[in-house]
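Some notes on the structure that comes next.
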Amino acid sequence: MIFAKKGEEAVRNKLAGAPAPYQEIALRLHSVITESAPSLEPVVRWGLAFYVKDGKDICYIKPDKDYLAFGFGEVVNPAFEEGSLMHPVAWTITALDEATEQKIRALVQKAAG
C-alpha cells in the first residue's frame, strides 16, 4: 500500500486529531471496530483510518468538523439487501449509544466475514 501508515498507533493518532467532540467518538468507534473484528488491520491512507483484510478495504472512519463518516467498501457492503434498489455504504455519526454500537458491531462482523 502506497503512502500508508500501518497499525493501531498510527490510526489512534490520526483519530485523536479529529475535531471536538468527534475525537472521543472516533476513538470509541475505532475500539468497537477492532473488538468486533480483530482480524482487520488498521491503516492510515489518504488521511483516513481504514480497516483492511487481505488487501481489501472493509471499513473506514472519516472525521469531519460536523460529524464522523463511517462506511464500508462497496464490495463487502454488509448493509446490502437482496431485492433493494438502494444500498447504504456510509453513515454520518454524531453520537454513539449502546444500540448504535451494536448495529455497527454486527455490520463490521458481517463485513469482516
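Computed from a prediction, not measured in an experiment: that's the story for all the values here.
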When you look at CD of Glu9, are more than 12 heavy atoms from neighbouring residues, nucleotides or ligands closer to it than 6.0 Å? no

Before you tell me yes or no, could you show the steps for Arg45 and Val52 under side-chain contact (heavy atoms from CB on, under 4.5 Å), namely the whole-Å CA-CA distance, both residues' side-chain angles and the distance that decides it to 0.1 Å? CA-CA 11 Å; Arg45 191 169 2 116; Val52 179; 3.6 Å; yes

What residue pairs, at least two apart or across chains, pass ring pair (Phe, Tyr, Trp, His ring centres under 6.0 Å) with a residue in residues 16-44? His30-Tyr51

Verify, without hydrogens or angle tests, whether Asp64 (side chain) and Asp66 (backbone) share a donor-acceptor contact under 3.5 angstrom. yes

Hey, could you give me the CZ/OG1 distance between Arg12 and Thr34, rounded to the nearest 0.5 Å? 8.0 Å

Least distance between heavy atoms, Gly47 atom then Lys14 atom: O-CE, 2.8 Å

List, one per line, each side-chain donor-acceptor pair under 3.5 Å for residues 89-97, sequence neighbours excluded.
residue : atom : partner : partner atom : Å
Asp97   : OD1  : Ala99   : N            : 3.4
Asp97   : OD1  : Thr100  : N            : 2.8
Asp97   : OD1  : Thr100  : OG1          : 2.6

Quick one: pull up CD in Glu8 and OG in Ser31 and give me the separation to the nearest 0.5 Å. 7.5 Å

Sorted by chain and number, sequence neighbours left out, side-chain contact (heavy atoms from CB on, under 4.5 Å) with Ala37 holds for Leu40, Val108, Ala112

Nearest-0.5 Å distance that lies between atom CD1 in Ile25 and atom CG in Leu15: 12.0 Å

Partners meeting ring-ring contact (aromatic ring centres under 6.0 Å, His included) with Tyr67 (sequence neighbours left out): none

Can you sort out the partners of Ala10 under side-chain contact (heavy atoms from CB on, under 4.5 Å), two or more places apart, ordered by chain and number? Lys5, Val44

What residues, two or more places apart in sequence or in another chain, satisfy side-chain hydrogen bond (donor to acceptor under 3.5 Å, both in side chains) together with Glu98? Gln102

Report the residues that fulfil side-chain contact (heavy atoms from CB on, under 4.5 Å) with Lys62, sequence neighbours left out, ordered by chain and then residue number. Leu48, Tyr60, Ala69

Please name the pair of heavy atoms, one in Glu81 and one in His87, separated by the smallest distance, quoted to 0.1 Å. O-CE1, 3.4 Å

Can you tell me if Glu24 has over 12 outside heavy atoms packed within less than 6.0 Å of its CD? no

Check Pro63 against Ile61 and note the closest heavy-atom contact, atom names and distance. CD-O, 3.7 Å

Rounding to 0.5 Å, atoms CZ (Phe72) and CG (Leu107) come to a distance of 4.5 Å

Listing request: all salt bridge (Lys or Arg N to Asp or Glu O under 4.0 Å) pairs with a residue in residues 104-113, at least two apart in sequence or in separate chains. Glu35-Arg105, Glu101-Arg105

For Gln23, the side-chain hydrogen bond (donor to acceptor under 3.5 Å, both in side chains) test, sequence neighbours excluded, returns none

I need the minimum non-hydrogen distance between Ala16 and Leu27, along with the two atoms involved. N-CD2, 4.3 Å

